[in-house]
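Contents: one structure, followed by commentary.
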2 protein chains.
Amino acid sequence: MHRHDGHDACRTDAHDMLARAEAVCRARGLQFTPLRREVLGAVADSGKAQGAYDIAERLSAPGRRVAPVSVYRALDFLMEQGLVHRIASRNAFIPCAYDHAPGEGVIFLICRTCGAVDEASTQEVEDGLERTLERAGFTPTHSILEVEGDCGLCREQKRTP
Amino acid sequence: MHRHDGHDACRTDAHDMLARAEAVCRARGLQFTPLRREVLGAVADSGKAQGAYDIAERLSAPGRRVAPVSVYRALDFLMEQGLVHRIASRNAFIPCAYDHAPGEGVIFLICRTCGAVDEASTQEVEDGLERTLERAGFTPTHSILEVEGDCGLCREQKRTP
DNA sequence: CGCGGGTTTGTTACAGTGTATCACCGCAAC
DNA sequence: GTTGCGGTGATACACTGTAACAAACCCGCG
């Protein structure tokens, strides 16, 4: 499983992310514009979930202002392409750590201490969830599964300070 | 399972909710003030999730304005007491349909058609979730599980219009 | 080359969501 | 009484997200 622990500089894959995004867009005949690249870079370049306004501020410079609305549009695009996830409980965004199988669900593991967000597969959860939904007579279209807690590294650091 | 289908007027339990809330507060030595009662009533009195501003507007009248901040405070209190749930994906609030076992998780089933929100237990889901979290070395403190889709009644109505 | 049509971005304005702060009130305890 | 504390009112503000329109860009086509 990929680690976004936020303790060491976990930006090794920012470059990979950009390469993957470029490939995805090319394959789908979509534009991977400079702005979209920058927004994805900003999201991928930090170990923790970023708010849209944080990203806007980060991309802005004395000579150049990036408005939040532009960031939102880029994020919408990136989410449609599955390159970025939105964390509903934080109003924040993270890069997608890997290619998900189509229809596969994701669990977001949000560390309340270091703020890093990891992804886990829902395979083991899906069975029970499907049964529960069926019993309730409910037909799902989209699920959100977010767990807050302490990641392994933060737990260790608390034990041995 | 309790039905909050929103098709018929599902307010039968609004009165029960208030009675239960009163009992809970008395048992815990907390104040169930008129404002808190009204806010809980407004949340319980509608089949669908209510935004804080909706509630504020609903409680306001020509001679009396209830500010959103007051509603938020009441909602915070009600959530702490487990009488109201927050739906993160909608920024909205629903009454808690039943007494949950301590530590028991909840799944929110959100109908995208009628807007009703039902609750289901996570018992069948919990096993897989625990295993997944353990494998990831993650210690959970709080989980959010929200599923969007079509409830049984809305699905029927779509089939036979 | 210039033109037309789609997409992307910039800009402004605004709607919706949530919090901070301080003042006031009511009530219980001392 | 007055002191303290929790609850409420009121204002202001920060944060999150969207609507609408104009300008820039790109690309194919005549």
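The model shown is predicted, which means the values in this text are computed figures rather than measured ones. Throughout, a chain's letter reflects where its sequence line sits, starting with A, and its residues are numbered from 1.
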On the side chain of B/Arg73, is there an atom forming a donor-acceptor pair with the base of C/dG18 - under 3.5 Å, no angle test?
no
Could you check how far CD of A/Glu38 sits from P of C/dT8, rounded to whole Å?
16 Å
Starting from P on D/dC26, measure out to CG on A/Leu30 and report it in whole angstrom.
17 Å
Value in whole Å for how far the P atom of C/dT17 lies from CG of A/Asn91
11 Å
Counting side-chain heavy atoms from CB outward, which of C/dA20, C/dT11, C/dT9 is closest to B/Val69?
C/dA20
Where each residue is assigned the nucleotide of DNA chain C containing its nearest heavy atom, which of A/Pro34 and B/Asp54 is assigned the position nearer the 5′ end?
A/Pro34
Across the strands shown, which category fits B/Val66 at heavy-atom distances under 4.0 angstrom: base, sugar-phosphate, nothing?
nothing
Checking B/Arg86 against B/Asn91 for the side-chain contact (heavy atoms from CB on, under 4.5 Å) test, could you report, in this order, the C-alpha distance in whole Å, the side-chain angles of both residues, the deciding distance, and whether it holds?
CA-CA 7 Å; B/Arg86 178 185 152 83; B/Asn91 298 321; 3.2 Å; yes
Among D/dG17, C/dT8, D/dG9, the one nearest any side-chain atom of A/Thr33 is C/dT8
Starting at atom CE of B/Met79, determine the distance to atom C1' of C/dT19, rounded to an integer number of angstrom.
13 Å
4.5 Å side-chain heavy-atom contact, A/Phe138 and B/Val147
yes
Mind calculating the distance between CG (A/Leu35) and P (C/dT7) to the nearest angstrom?
18 Å
Are OP1 or OP2 of C/dG10 and a side-chain N or O of A/Ser70 less than 4.0 angstrom apart?
yes
Under 4.0 Å, heavy atoms only, any strand: does B/Arg86 hit a base, just the sugar-phosphate, or nothing?
sugar-phosphate
Touch check for B/Arg90, heavy atoms < 4.0 angstrom, all strands: base, sugar-phosphate only, or nothing?
nothing
Answer yes when B/Glu124 and A/Arg135 have at least one side-chain N-carboxylate O distance shorter than 4.0 Å, and no when they do not.
yes
From CZ of A/Arg37 over to P of C/dT8, roughly how many Å is that when rounded to an integer?
16 Å
Report yes if the side chains of B/Val66 and B/Val39 come closer than 4.5 Å at any heavy-atom pair, otherwise no.
no
Taking the side chain as everything from C-beta on, heavy atoms only, tell me whether B/Ser89 gets closer than 4.5 Å to B/Ile110.
yes
Which is more 5' along DNA chain D, the nucleotide nearest B/Arg65 or the one nearest A/Tyr72? Just name the residue.
B/Arg65
A/Gln50 CD to D/dC15 C1': how many Å, rounded?
15 Å
Using the six-membered ring for Trp and the full ring for Phe, Tyr or His, decide whether B/Tyr53 stacks on the six-membered base ring of C/dT17 (centres under 5.5 Å, planes under 30°).
yes
Whole-Å distance between C/dT8 P and A/Leu40 CG?
16 Å
